[in-house]
Participant: 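Please see the structure below; I have some questions.
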2 protein chains.
Amino acid sequence: MIVSSSNHRNHRSPSCLACPLRLKPAFKDKSDEEIRFIQAMKIDHRQLPAGADIIHPGQEDAELYTLFSGWAFRYKSLPDGRRQILNFLLPGDLVGLQASLLSAAQHGIEALTEVELCVFPRRRTYEMFGRMPALAYELAWLGSREESLIDENLTSVGQRNAQERIAALVISLYRRAEALGLVAENSFAFPLTQQQLADALGLSLVHTSKTWARLRKAGMFSLERGRLTIHNPRLTERMALLFESELHPRPLI
Amino acid sequence: MIVSSSNHRNHRSPSCLACPLRLKPAFKDKSDEEIRFIQAMKIDHRQLPAGADIIHPGQEDAELYTLFSGWAFRYKSLPDGRRQILNFLLPGDLVGLQASLLSAAQHGIEALTEVELCVFPRRRTYEMFGRMPALAYELAWLGSREESLIDENLTSVGQRNAQERIAALVISLYRRAEALGLVAENSFAFPLTQQQLADALGLSLVHTSKTWARLRKAGMFSLERGRLTIHNPRLTERMALLFESELHPRPLI
DNA sequence: CGTAATATTGATAATGATCAAAGGTAGTGG
DNA sequence: CCACTACCTTTGATCATTATCAATATTACG
């Protein structure tokens, strides 16, 4: 399913000034002028069902989006069908910055749940750099933050074993959900299938299922009616072998 | 070894207008005005030996660099010493964009060979966004290109087997060297140790050595006096399972 | 209620990790 | 120029983790 069909246009487009995402702790304060500029740039507000393609691999005219609600993921596929999920996108995340700066998308982006997207014209990205440097800087900042997330995933897949990878992924999503105010009593909505987990972790479906079950039975977390509860976040962080950059001016070894 | 020591300052700082990197096919044309602005921003030209830290993990005041000559790599370490090499940096690449936009470096950057760096003040990055939007856009573009490289590495480490990973890494470096005009008769300078290869591929040193030897004996490439020759680049690309995004509007599966 | 998608489990195979030891190579200093 | 050292590479043997195959629950949904 391709985004460009207009059936999903939502005419009750919310005002950016009143955007609920502005209230979240994770969001920096923006001036009203900037918000008005964003509002003027916004050309659409779209709703898409779970499983929809937001950007398909190779697409050359991908617009720039902001994820207003729901989850999505970026992925890359090999010619034989294997695919790697690169990172997950949560509300407030920028969608398609890389695709709109490069001439063609080197990856796909798919809606994981039903999503709402704010749509901005890629053609005017360059204009924005000229007229709203603070926003352009913010864009670059968001891009760097995404890169940092991918760095973390690459480190996971390259160096951690199955248990550690699951712990790292789960705690990373937990922390992000927490920053958005989506965590209540250590639990948050967790819409991933095990196939998607496997594709993100670089593991087979079967091994993912077994390791997931083992950690669940060991009491690391539980999953009920689509909500994941992390019983001891700090412990999970330690099992994921997180945190080193703060400690060592030079890598240990 | 930390970069900030001034022993490595080189007072014969070359003019940006005459920068040899401007001549390379990979570089877009910039106006003389932009080049003069870059020249004015440039505060130093540094030389560092192989193995030197350019940015260390957690560093908060990392400057922004351009790699003038030599190779470097970005990496992340786990508390127990395992490390993942995230990507390699070749001449003309931006060094430390992520570190200068985020409050602290989430990774380290190390010189792989002796390097020369052009140094720009991180404090003035923001100023540049206001005064030279075209350059700011270029910066964001370079950042996206780096992210795209990491996406590719993550896909490799998550989905490809040892042979395919080696083929993919080797061909990726080959293509980048080619774009810089560093390839002659299918061969280019290749300064990596097997430990660094292993850390980039997410494989053990021993398995890397064995697989590397197997591919060498199978005739994929040869390595003599520090130069790698790829005997059949197209074939190597196919063995790496490269290229799908151009072909499929939707992933096969 | 039936059907398709998703999750679980057991058995076996393959890939890659670890351990250990021995060659190479380059650089240093006598 | 040789000997010494440190680092890097190669190789064989064994072990562990993860993949694959196959069959059976379970859940979600029209």
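Each chain gets a letter, A, B and so on, in the order the sequences are listed, and its residues count up from 1. Quick caveat, the model's predicted, so the values are computed rather than measured.
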Participant: Has A/S209 got a side-chain N or O lying under 4.0 Å from the OP1 or OP2 atom of C/dT8?
Facilitator: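 Checking C/dT8 against A/S209, a side-chain N or O does come within under 4.0 Å of OP1 or OP2.
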
Participant: Could you tell me if the side chain of A/Q84 sits less than 4.5 Å from the side chain of A/D199, heavy atoms only?
Facilitator: no

Participant: For B/R225, which contact category applies under a 4.0 Å heavy-atom criterion: base, sugar-phosphate, or nothing?
Facilitator: nothing

Participant: So, taking the atom named CD1 in B/I166 and the one named OG1 in B/T236, what distance separates them when rounded to the nearest 0.5 Å?
Facilitator: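 So the gap between those two atoms works out to 12.0 Å.
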
Participant: Side chain of B/V206 only, please: which of D/dT11, D/dA19, C/dG10 is the nearest?
Facilitator: D/dT11

Participant: Grab the CG-P distance between B/N161 and D/dT20 for me, whole Å please.
Facilitator: 10 Å

Participant: Can you see if the side chain of A/Q194 gets near the phosphate of C/dT8 - specifically, an N or O under 4.0 Å from OP1 or OP2?
Facilitator: yes

Participant: Tell me the interatomic distance from A/R82, atom CZ, to D/dT20, atom P, rounded to whole angstroms.
Facilitator: 8 Å

Participant: With rounding to the nearest 0.5 Å, note down the distance linking NZ in B/K76 to CD1 in B/I85.
Facilitator: 14.5 Å

Participant: Output yes when at least one side-chain N/O atom of B/R216 is less than 4.0 Å from OP1 or OP2 of D/dT10, else no.
Facilitator: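 Checking B/R216 against D/dT10: at least one side-chain N or O falls below 4.0 Å of OP1 or OP2.
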
Participant: Hey, does the side chain of A/K217 come within less than 4.0 Å of C/dT9's phosphate (OP1/OP2), counting only N and O?
Facilitator: yes

Participant: Under 4.0 Å, counting only non-hydrogen atoms across every strand here, what does B/S204 touch: a base, just sugar-phosphate, or nothing?
Facilitator: base

Participant: Figure out the NE2/P separation between A/H207 and D/dT20, and round it to whole Å.
Facilitator: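 So the two atoms are 12 Å apart, to the nearest Å.
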
Participant: Without decimals, in angstroms, what is the distance between B/D80 CG and C/dT18 P?
Facilitator: 10 Å

Participant: Take atom CD of A/E114 and atom C1' of D/dC29, then tell me their distance rounded to the nearest Å.
Facilitator: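 For the pair A/E114 CD and D/dC29 C1', the rounded distance is 16 Å.
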
Participant: Using a heavy-atom cut-off of under 4.0 Å over every strand shown, decide if A/L203 touches base, sugar-phosphate, or nothing.
Facilitator: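 Sugar-phosphate contact only.
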
Participant: Are A/H45 and A/F68 an aromatic pair, judged by ring center distance below 6.0 Å?
Facilitator: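 Under 6.0 Å, so yes.
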
Participant: Rounding to a whole Å, what distance do you find between B/L223:CG and D/dT9:P?
Facilitator: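 Interatomic distance, CG of B/L223 to P of D/dT9: 9 Å.
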
Participant: Taking any heavy-atom pair under 4.0 Å as a contact, classify A/G202: base, sugar-phosphate, or nothing.
Facilitator: sugar-phosphate

Participant: Do A/L149 and A/F88 have side-chain heavy atoms sitting under 4.5 Å apart?
Facilitator: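 Answer no - side chains too far apart.
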
Participant: Calculate the interatomic distance between A/L192 atom CG and C/dT6 atom C1'; express it in whole Å.
Facilitator: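 So the CG-C1' distance, A/L192 to C/dT6, works out to 14 Å.
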
Participant: Expressed in angstrom and rounded to an integer, what is the separation of A/K210 atom NZ from C/dT12 atom P?
Facilitator: 12 Å

